[in-house]
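Here's the structure we're looking at; comments come further down.
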2 protein chains.
Amino acid sequence: MSTSASGRPQRVDARHNRGRILDVAEEVFGKGGRSASTEEVARLAEVGIATVFRHFPTKAALVEAVLVRRFDRLREHAEGLLGSADAGAAFFDFFSHLVADAATKIAIGEALHDLTGDTDGDAATASLGLRRAFGALLRRAQEAGAVRDDAELPEVYALLVATSRAASQPHVDAEVRARMLAIVFDGLAPR
Amino acid sequence: MSTSASGRPQRVDARHNRGRILDVAEEVFGKGGRSASTEEVARLAEVGIATVFRHFPTKAALVEAVLVRRFDRLREHAEGLLGSADAGAAFFDFFSHLVADAATKIAIGEALHDLTGDTDGDAATASLGLRRAFGALLRRAQEAGAVRDDAELPEVYALLVATSRAASQPHVDAEVRARMLAIVFDGLAPR
DNA sequence: GAATATATGGAGTCATGACTTCGGATGTCA
DNA sequence: TGACATCCGAAGTCATGACTCCATATATTC
């Protein structure tokens, strides 16, 4: 990724621009969803449109790169929590964190929604990795008696995706989001 | 609506086409979301594209007409349940019904998401009417002791929208949906 | 600091989809 | 059944946004 196909190292300005484009794209797609235009990304990154397409051959590839980075970070976060002492808190904290995160990242919610079940592409792979890590958190919380035993990953993950998307509704503020999560968490408590 | 602006009654072929276009549009936008093309609506309705635009001046107007009709039906359904004896069952049945309904109507879920909070436009008005009727169902269920008292409409409605959208995920089948709802409903039960 | 491969940006092209125009068809009413 | 307003579909126009070309600029190497 840091060297061109010919084996020679990428020029520093090129590497710098690539990172900048990724950062801006995360911001732009986070705010406007996938339908935000590539031109806006270029404008805010202060590069020409051609530069964007040189680094990412298609818009889909750019979106995918953004999602992979974000999913990987979330997965790392989840995996980090696997070592924590309180398995219940780890599970619920991560759930809350992801929902709050998605609240400002429309594209993430969209992608979680659309990609779940897909198997092709790097973003789908990263999404699956996140789902697996979340599944491990869930299992540990269940073994610790913090989450009901009869809840299985598909429905819990569906709830995670659902509440994430709901959180990006314009008028769902932090308070409503917290109360919504409180209801879901009560539903996940052991019977 | 059944007469033209000049006061003369609409020709029967025109009225017939209008209804047919609405039906097909509900199907097409339900399946593909708002981004489905007007041309496909025309093709499946077996009319020319111009006919669609004659009846609905813009694509947005067509989508709005579809949504108004659907929201109104849902609201009527909710209002009908206000008379039922079991207030708890009425609330949960309507919740389940709307989620199952949205599972096959992507545009409905999108609209519920986007319109909530809006105040302009007929679809927003219809959406608000649905929300009000749902609020009445909720209050009655709370008074009957079937739903926890501290749950307020904003978060419960957000949950309704959230689970509706989740239900339209490709791999969320009826079983997963039912288990997801079971968790939410347990969370809504009195403490 | 000169040579050269690499990177850049702005002006294109092209496809898509919303919307319009207009000659012809059809329901309606006397 | 004839006159006519209304309605129709096919072939347009136009704007948007993804993607490309090429002359210029800059990093890197010796």
Side-chain angles (χ1 to χ4, degrees), chain A residues 1-25 27-29 31-67 106-107 110 121 123, chain B residues 1-25 27-29 31-67 106-107 110 121 123:
Chain A
M1 197 70 91
S2 63
T3 60
S4 68
S6 66
R8 182 184 287 230
Q10 212 178 24
R11 264 167 53 171
V12 297
D13 55 344
R15 196 200 313 276
H16 173 256
N17 273 337
R18 188 181 198 279
R20 182 169 179 73
I21 289 166
L22 261 184
D23 288 342
V24 170
E27 170 79 18
V28 170
F29 292 133
K31 207 152 140 202
R34 313 165 109 97
S35 63
S37 75
T38 313
E39 198 188 336
E40 194 183 352
V41 174
R43 193 164 41 79
L44 293 181
E46 294 175 327
V47 299
I49 183 82
T51 300
V52 176
F53 281 101
R54 196 168 307 107
H55 287 288
F56 305 94
T58 64
K59 178 183 179 177
L62 172 59
V63 172
E64 182 148 73
V66 168
L67 292 177
I106 297 178
E110 283 180 0
Chain B
M1 196 71 90
S2 63
T3 60
S4 68
S6 66
R8 182 184 287 228
Q10 212 178 25
R11 264 167 54 171
V12 296
D13 53 346
R15 195 201 314 274
H16 173 255
N17 273 338
R18 188 181 197 278
R20 183 170 178 74
I21 288 166
L22 261 184
D23 288 342
V24 170
E27 169 80 19
V28 169
F29 292 133
K31 208 152 141 200
R34 315 164 107 96
S35 63
S37 76
T38 314
E39 198 189 335
E40 193 183 353
V41 174
R43 193 164 41 78
L44 292 181
E46 294 174 327
V47 299
I49 183 84
T51 300
V52 176
F53 281 100
R54 196 167 306 109
H55 287 287
F56 305 94
T58 63
K59 179 182 179 177
L62 173 58
V63 172
E64 181 148 71
V66 169
L67 292 177
I106 297 178
E110 283 179 0

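Residue numbers start from 1 in every chain, and the chains themselves are labelled A, B, ... in the order their sequence lines are given, proteins ahead of strands.
- The side-chain heavy atoms of Leu67(A) and Phe29(A), taken from C-beta on, include no pair separated by under 4.5 Å.
- Residues of residues 50-62 of chain B having a heavy atom closer than 4.0 Å to DNA chain C, listed by number: Ala50(B), Phe53(B), Thr58(B), Lys59(B).
- Rounded to whole Å, the distance from CZ on Arg43(A) to P on dA18(D) is 13 Å.
- For Asn17(A), no side-chain nitrogen or oxygen approaches OP1 or OP2 of dA7(C) to under 4.0 Å.
- Atom CD in Glu39(A) sits about 12 Å away from atom C1' in dA11(C), given to the nearest Å.
- Between the Lys59(B) side chain and the Ser37(B) main chain, no donor and acceptor come within less than 3.5 Å of each other.
- Residues His55(A) and Gln10(A) meet the side-chain proximity criterion, which asks for heavy atoms closer than 4.5 Å.
- Taking every heavy atom of both residues into account, Phe56(A) and Ala65(A) meet most closely at CE2-CB, 3.7 Å.
- Distances from the side chain of Val12(B) to the nucleotides dG17(C), dC7(D), dG27(C) place dG27(C) closest.
- In this structure, the CG atom of Asp13(A) is 6 Å from the C1' atom of dA27(D), given to the nearest Å.
- Following rounding to the nearest Å, Ile21(B) (CD1) and dC7(D) (P) show an atom-to-atom distance of 12 Å.
- Residue Arg20(A) contributes atom CZ, which lies 15 Å from atom C1' of dT8(C) at whole-angstrom precision.
- As a whole-Å value, the separation of His16(B) NE2 from dT26(C) C1' is 15 Å.
- Among the heavy atoms of the strands lying under 4.0 Å from Glu46(A) are primed sugar atoms or P, OP1, OP2 only; no base atom is included.
- Rounding to the nearest 0.5 angstrom, the gap separating the CG atom in Asp13(A) from the NE2 atom in His16(A) is 9.5 Å.
- In terms of position along DNA chain C, the nucleotide closest to Ile49(B) lies nearer the 5' end than the nucleotide closest to the other residue of the pair Arg11(B) and Ile49(B).
- Side-chain nitrogen and oxygen atoms of Thr38(B) include at least one within less than 4.0 Å of the OP1 or OP2 phosphate oxygen of dA18(C).
- Pairing each heavy atom of Val41(A) with each of Val24(A), the nearest pair is O-CG1, 3.6 Å.
- Rounded to whole angstrom, the span from the CD atom of Gln10(B) across to the P atom of dT26(C) amounts to 19 Å.
- Annotation: the span from Asp23(B) atom CG to Arg18(B) atom CZ amounts to 11.0 Å, rounded to 0.5 Å.
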